[in-house]
Protein chains: 2
Amino acid sequence: MANINPARRAEIGREKRARTRAQLVEAANSLFARQAVESVTVDDVVREAGVAKGTFYVHFDSLEALTAAVAEELVQSFDEMLQPGRVSLSEPALRIAFGCRAFIDKALNDSRWAAVAARMTAATPKGGENIRRRLFEDLQQLPTESPEETSAELNLEVVVGIMLQILRALGEGRLSSLNRDAVISAILRAIGLGAQEAESVVERLPTTVPEKSSRAAAN
Amino acid sequence: MANINPARRAEIGREKRARTRAQLVEAANSLFARQAVESVTVDDVVREAGVAKGTFYVHFDSLEALTAAVAEELVQSFDEMLQPGRVSLSEPALRIAFGCRAFIDKALNDSRWAAVAARMTAATPKGGENIRRRLFEDLQQLPTESPEETSAELNLEVVVGIMLQILRALGEGRLSSLNRDAVISAILRAIGLGAQEAESVVERLPTTVPEKSSRAAAN
DNA sequence: AGTCATTTCGACTAATTGGTCAATATGAGA
DNA sequence: TCTCATATTGACCAATTAGTCGAAATGACT
């Protein structure tokens with residue numbers, strides 16, 4: 001009948017909590033992959049997660065909070081993917097190409113991720129702001145032949161537009177036999193590099209560090 | 001107390017009907033321009049249109065029906081914009097460039113149209129299928145230097161991706177001082193044309209037929 | 001002013017949704 | 001096996017939403 005260590009109690013609680021919270025985030029990801037973020041309801045989420053409704057509100061104040069959690073997880077994965085290239089590559093075009101290739105690789109072996117990423121940028125533009133900003137800086141640093149005709153603002157939209165559409169296509173099962181390098185080459189040509197320059201950048205791109213093949217075929 | 005012509009009665013009715021229906025479609029356009037299609041409710045529509053709820057169901061069976069009507073109106077505007085170029089231009093690159101320029105011009109002086117068009121392609125992919133198909137055919141006809149590396153499927157996503165992102169940007173007020181030709185040039189380079197070829201196509205593009213400046217600053 | 005086919009109106013119901021909370025289940029440790 | 005801090009549960013409420021329908025309004029014509 002003696003009391004048990006309260007600190008230990010809390011730890012057990014945290015573990016259980018974390019598991020359930022992860023279930024909810026996982027369910028949201030599955031739902032966001034197949035329908036518009038704005039059309040998902042709390043009931044949808046708890047049904048998908050196999051959890052009672054009250055449990056949802058123990059972990060999140062509202063759907064927006066859950067959406068924010070999904071967005072944060074996504075931003076985290078962005079940063080992890082983009083980090084290695086940012087620190088090691090000095091040439092702007094190489095950094096841009098590296099980032100795009102990382103996105104495409106990720107999308108190629110996790111189409112659900114691609115679908116969710118594409119949908120979330122439309123629903124919560126806030127999350128993507130950092131990546132946009134960094135890409136914009138790289139585009140400004142890009143050496144250009146005809147500065148008066150080149151606009152970093154336009155190039156930003158061009159790169160983002162191509163990448164988002166590729167993510168959407170892969171997320172919907174289209175373009176499954178996609179040539180990574182062809183996409184990157186198209187992007188580089190669109191932002192002003194010559195065809196040979198673009199090819200050169202693609203060839204000089206360092207081989208990706210072997211990924212810890214986590215969620216390859218999950219769900 | 002004599003009866004009046006029943007045919008005349010019907011005609012009066014049709015006019016009133018058409019006016020109210022147009023109000024509803026107009027309201028839907030305004031709403032779709034500022035929020036996700038999936039988050040718009042019937043109450044939103046009738047409030048925006050200044051019409052009673054019952055009236056909505058006289059004209060449309062459901063929100064989907066209204067959305068379809070908006071989509072059809074949009075597709076109609078697409079066809080009108082693209083028709084002149086399709087009949088008069090024999091070179092595929094010219095046809096593609098002409099179509100893109102038409103879209104950009106329209107978006108530049110009707111940002112609401114741009115926002116709605118971008119949102120609708122995500123919500124009702126069915127409407128855009130025809131335009132996609134025609135663009136795909138043009139891309140297949142495009143003469144290419146290295147056929148083994150060129151994929152019309154990829155180029156389709158690239159062109160659509162850039163155009164959609166430009167529409168979104170203009171619909172959100174970004175990129176308002178946009179250089180039309182820079183966008184078209186970027187698109188042509190992305191799908192494999194050389195820089196000079198792209199410039200040549202842009203310069204050979206026929207001047208747009210003077211538009212009947214309809215809804216320039218409406219709403 | 002009176003007629004009447006047609007449209008519009010808005011209060012109503014049923015179903016869905018967001019959000020709450022007292023009751024119950026859990027499970028490691030004593 | 002019993003304790004108890006913590007997490008989970010699902011019935012419940014209030015607000016919103018989709019969809020219906022009889023009543024009121026409209027307006028060209030006589």
*Asks:* Are B:R132 and B:E157 close enough for a salt bridge, meaning some N to O gap below 4.0 Å?
*Replies:*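 Salt bridge flag = yes for B:E157 with B:R132.
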*Asks:* Return yes if a side-chain donor-acceptor contact under 3.5 Å exists between A:Q141 and A:R95, otherwise no.
*Replies:*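 Yes, a side-chain donor-acceptor pair sits under 3.5 Å.
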*Asks:* Report yes if at least one side-chain N or O of A:H59 is closer than 4.0 Å to OP1 or OP2 of D:dA7; otherwise report no.
*Replies:*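 Indeed not, no polar side-chain atom of A:H59 lies that close.
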*Asks:* Mind listing the N/O atom pairs, protein and nucleotides 22-24 of chain D, below 3.5 Å?
*Replies:*
none

*Asks:* Could you write nucleotides 12-23 of chain C as a row of B, S and -, 5' to 3', where a protein heavy atom under 4.0 Å of any base atom gives B, of only sugar-phosphate atoms gives S, and otherwise -?
*Replies:* -----SBBBB--
*Asks:* Identify, with sequence neighbours excluded, every residue that meets side chain to side chain donor-acceptor pair (under 3.5 Å) alongside A:E172.
*Replies:*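 For A:E172 the side chain to side chain donor-acceptor pair (under 3.5 Å) partners, ignoring immediate neighbours, are A:R174.
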*Asks:* From D:dG10, D:dT8, C:dT7, pick the nucleotide closest to the side chain of B:R17?
*Replies:*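 Output: C:dT7.
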*Asks:* Would you check if there is a donor-acceptor pair between the side chains of A:S30 and A:R34 at a distance under 3.5 Å?
*Replies:*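 No, no side-chain donor-acceptor pair sits under 3.5 Å.
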*Asks:* In whole Å, what is the span from the CD atom of B:Q23 to the C1' atom of C:dT8?
*Replies:*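 Spelled out: CD on B:Q23 to C1' on C:dT8 is 11 Å.
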*Asks:* Check whether any side-chain heavy atom of B:L74 lies under 4.5 Å from a side-chain heavy atom of B:T121, and answer yes or no.
*Replies:*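 With C-beta onward as the side chain, the pair stays apart.
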*Asks:* Have A:Q165 and A:R168 got a donor and an acceptor in their side chains that come within less than 3.5 Å?
*Replies:*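 Note: A:Q165 and A:R168 side chains meet the donor-acceptor criterion.
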*Asks:* Under the 3.5 angstrom rule, does the side chain of A:T55 hit a backbone N or O of A:V51 as a donor-acceptor pair?
*Replies:*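 Looks like no, no N/O pair under 3.5 Å.
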*Asks:* Do side-chain atoms of A:R112 reach the backbone of A:A33 as a donor and acceptor pair under 3.5 angstrom?
*Replies:*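 Between the backbone of A:A33 and the side chain of A:R112 there is no qualifying donor-acceptor contact (under 3.5 Å).
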